[in-house]
Amino acid sequence: MSAWNFSRELSLWNPSRGVASKPPKLAQARAYCARVARSHYENFAVVSFLLPRRLIPHFHAVYAYCRWSDDLADETSGGAETLQLIDSWRQELLACYGGQPRHPVLIALQDTIHRFAIPPEPFLNLLVAFTQDQEIKTYPTFEQLRGYCVNSANPVGHLLLHLFGCFDVQRAALADEVCTGLQLANFWQDVSRDFDIGRIYLPTEDRRRFGYSEEDLAAKRCTPAFRALLRFEVERASGFFDRGEALLSLLPVEVRVDVDLFIRGGRAILSAIERADYDVWSHRPEVTKREKIKLLLGAVVRRWFW
């Protein structure tokens, strides 16, 4: 399997005419989404082997949509060109609801949308967040950062609930806690990476509260004030997981293990930050392969008690 090369994939997509003169068949589109999903290696596998087989192609379609959306925001030139590409992607999405999409991701996604009666809002809200990334680089308050998570992370939880066939207001609120926690964990893991591309997710009010100066931030210094700041942020992120864990008992038994892995994976990221003594400037804390295997085995064992 060839490595994912977004620049190459993007060059094949001409928004004015779609991907090709003849759109791919559904089977071809699903195969493309599976390749997108399997070619990315993140903190945890996109789909665990415990997931019901019937859901896997739909997970691949949703993941491929999120991956393409994210790459359009982060792997293009930025500014007006990126905003135009995101808008073209939005129009392609809307074709799923009243037309004929041409991109393989959207062709596969259209089938998923119809099968699970997924409304357009979660998909559109993700694009709101990616557009926001082009326009807003810092967040004065935590509430503003949390507002960003409403569009950048929480829609993913809503999409999963639709795939699980159990979306309602109560479950959506708990899924929001989990997804915001995951987003925050990734923010604190990637403080240095995000800073290098001009994004600062550490709220200004928190940096000031802990006495972490703009000069220290610009120099990427891991001072006692920074360690105290990040300890606070990690503890706050953990609280989101604490509240969101109540979702597990409200899910179909067959998918609880996967959501449990997401939560424990997020907690593992926070633990990795703690083990690094909150120094995320000098190296990126990561969950080791051994830890991932341990988490998976633990999930398998717990599955028997649900």
Walk me through whether R8 and S11 qualify under side chain to side chain donor-acceptor pair (under 3.5 Å). CA-CA 5 Å; R8 180 187 63 208; S11 70; over 6 Å; no
side-chain contact (heavy atoms from CB on, under 4.5 Å) between W13 and L72, intermediate numbers included: CA-CA 12 Å; W13 179 47; L72 282 172; 4.0 Å; yes
With ring-ring contact (aromatic ring centres under 6.0 Å, His included) as the criterion, how do F130 and W89 come out once you've worked through the C-alpha distance, each side chain's angles and the decisive distance to 0.1 Å? CA-CA 12 Å; F130 294 130; W89 189 241; over 10 Å; no
Verdict with reasoning, L230 to L202, per side-chain contact (heavy atoms from CB on, under 4.5 Å): CA-CA 9 Å; L230 208 61; L202 288 165; 4.1 Å; yes
Before giving the answer on side chain to side chain donor-acceptor pair (under 3.5 Å), spell out for Y212 and D206 the whole-Å C-alpha distance, their side-chain angles and the decisive distance to 0.1 Å. CA-CA 9 Å; Y212 190 61; D206 294 344; over 6 Å; no
Just do the side-chain contact (heavy atoms from CB on, under 4.5 Å) check on L163 and T112 with the steps written out, would you? CA-CA 8 Å; L163 293 185; T112 296; 3.7 Å; yes
Please walk me through it: do F6 and V36 pass side-chain contact (heavy atoms from CB on, under 4.5 Å)? CA-CA 10 Å; F6 184 70; V36 172; over 6 Å; no
In sequence, state the C-alpha distance, the side-chain angles, and the governing distance for D194 and R199, and then conclude on salt bridge (charged side-chain N to carboxylate O under 4.0 Å, His left out). CA-CA 5 Å; D194 289 329; R199 296 177 188 165; 5.4 Å; no
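Within a 6.0 Å sphere centred on CD of Q84, other residues, nucleotides and ligands contribute 12 heavy atoms or fewer. R208 CZ: 12 or fewer foreign heavy atoms inside a 6.0 Å radius. Residue-environment remark: NZ (K25) stays at or below the threshold of 12 foreign heavy atoms within 6.0 Å.
Note that OG1 of T204 and CZ of R209 are 14.5 Å apart. Values are rounded to the nearest 0.5 Å. Atom CD of Q132 and atom CG of L127 lie 12.5 Å apart (nearest 0.5 Å). A distance of 8.0 Å separates OG in S152 from CG in L145, rounded to the nearest 0.5 Å. How far CD1 of I269 is from CG of L184: 11.0 Å, rounded to the nearest 0.5 Å. We find the OH-CD1 distance between Y201 and I136 to be 10.0 Å, quoted to the nearest 0.5 Å. In this structure, C166 SG and L160 CG are separated by 9.5 Å, a value rounded to the nearest 0.5 Å.
We find that R67 and E9 are not joined by a salt bridge, their nearest charged nitrogen and carboxylate oxygen being 4.0 Å or further apart. We find that R207 and E214 are joined by a salt bridge, their nearest charged nitrogen and carboxylate oxygen being less than 4.0 Å apart. E291 has no carboxylate O lying under 4.0 Å from a charged side-chain N of K294, or vice versa, which leaves the two without a salt bridge. Using a 4.0 Å cut-off between charged side-chain N and carboxylate O, D196 and R193 make no salt bridge. Between D176 and R146 there is no salt bridge, since none of the side-chain N atoms of the basic residue sits less than 4.0 Å from a carboxylate O of the acidic one.
If you chain together hydrophobic residues whose side chains sit under 4.5 Å apart, W68 and Y97 fall into the same group. I107 and L94 sit in two unconnected hydrophobic clusters of ILVMFWY residues. Membership requires side-chain heavy atoms under 4.5 Å apart, directly or through other members. Linking ILVMFWY side-chain heavy atoms closer than 4.5 Å, directly or via other members, places V255 and L250 in a single hydrophobic cluster. One hydrophobic cluster holds both L124 and V62 under the rule that ILVMFWY side chains link at heavy-atom gaps under 4.5 Å. Using a 4.5 Å cut-off between side-chain heavy atoms of Ile, Leu, Val, Met, Phe, Trp and Tyr, with links allowed through other members, Y139 and F142 fall into the same hydrophobic cluster.
For the pair A185 and I273, the tightest heavy-atom approach, listed with the atom from each and the gap, is O-CD1, 4.3 Å. Heavy atoms only, all atoms of each residue included: L161 and A175 are closest at CD1-CB, 4.0 Å. When every heavy atom of A153 is checked against every heavy atom of Q183, the shortest pair comes out as CB-CB, 3.7 Å. When all heavy atoms of K137 and G198 are compared, the closest pair comes out as CB-O, 3.3 Å. F187 and C149 get closest at one heavy-atom pair: CE1-SG, 4.2 Å. Between L251 and F164, the closest heavy-atom pair is CD2-CD1, 4.2 Å.
Annotation: side chain of L83 is in contact with side chain of E135 (closest heavy-atom distance under 4.5 Å). Here the side chains of V150 and N125 are not in contact, with every heavy-atom distance at 4.5 Å or above. The closest side-chain heavy-atom distance from H58 to I118 is not below 4.5 Å. A 4.5 Å side-chain heavy-atom check between F226 and D216 finds every atom pair outside the cut-off. Between T180 and Y148, every side-chain heavy-atom pair lies at or beyond the 4.5 Å cut-off. Side-chain contact between R275 and S271 is present, with at least one heavy-atom pair separated by less than 4.5 Å. No side-chain heavy atom of Y65 sits under 4.5 Å from any side-chain heavy atom of L159. With a 4.5 Å cut-off on side-chain heavy atoms, R267 and D242 count as touching.
At distances below 3.5 Å, not a single donor-acceptor pair connects side-chain atoms of R264 with backbone N or O atoms of F262. D168 places a side-chain N or O within 3.5 Å of a backbone atom of Q170 that can act as its donor or acceptor partner. With Q189 contributing its side chain and P285 its backbone, the two residues share a donor-acceptor pair below 3.5 Å. Distance alone, capped at 3.5 Å, places no donor-acceptor pair between the E177 side chain and the E245 backbone. Put simply, the side chain of R256 gets close to the backbone of L248: a donor and an acceptor are under 3.5 Å apart. Side chain of E92 to main chain of R102: a donor-acceptor pair is present (N/O by atom type, distance under 3.5 Å, no hydrogens or angles).
Just one residue in the list F167, F123, F116 forms a ring-ring contact (aromatic ring centres under 6.0 Å, His included) with H162, and that residue is F167.
Relative ring orientation between H103 and Y32 is described as perpendicular, the plane-to-plane angle rising above 60° on a 0-90° scale split at 30° and 60°. Ring pair F210/F232 is tilted by interplanar angle, where 30° to 60° counts as tilted.
Cation-pi geometry between R243 and F240 is satisfied (NZ or CZ under 6.0 Å from the ring centre, within 45° of the ring normal).
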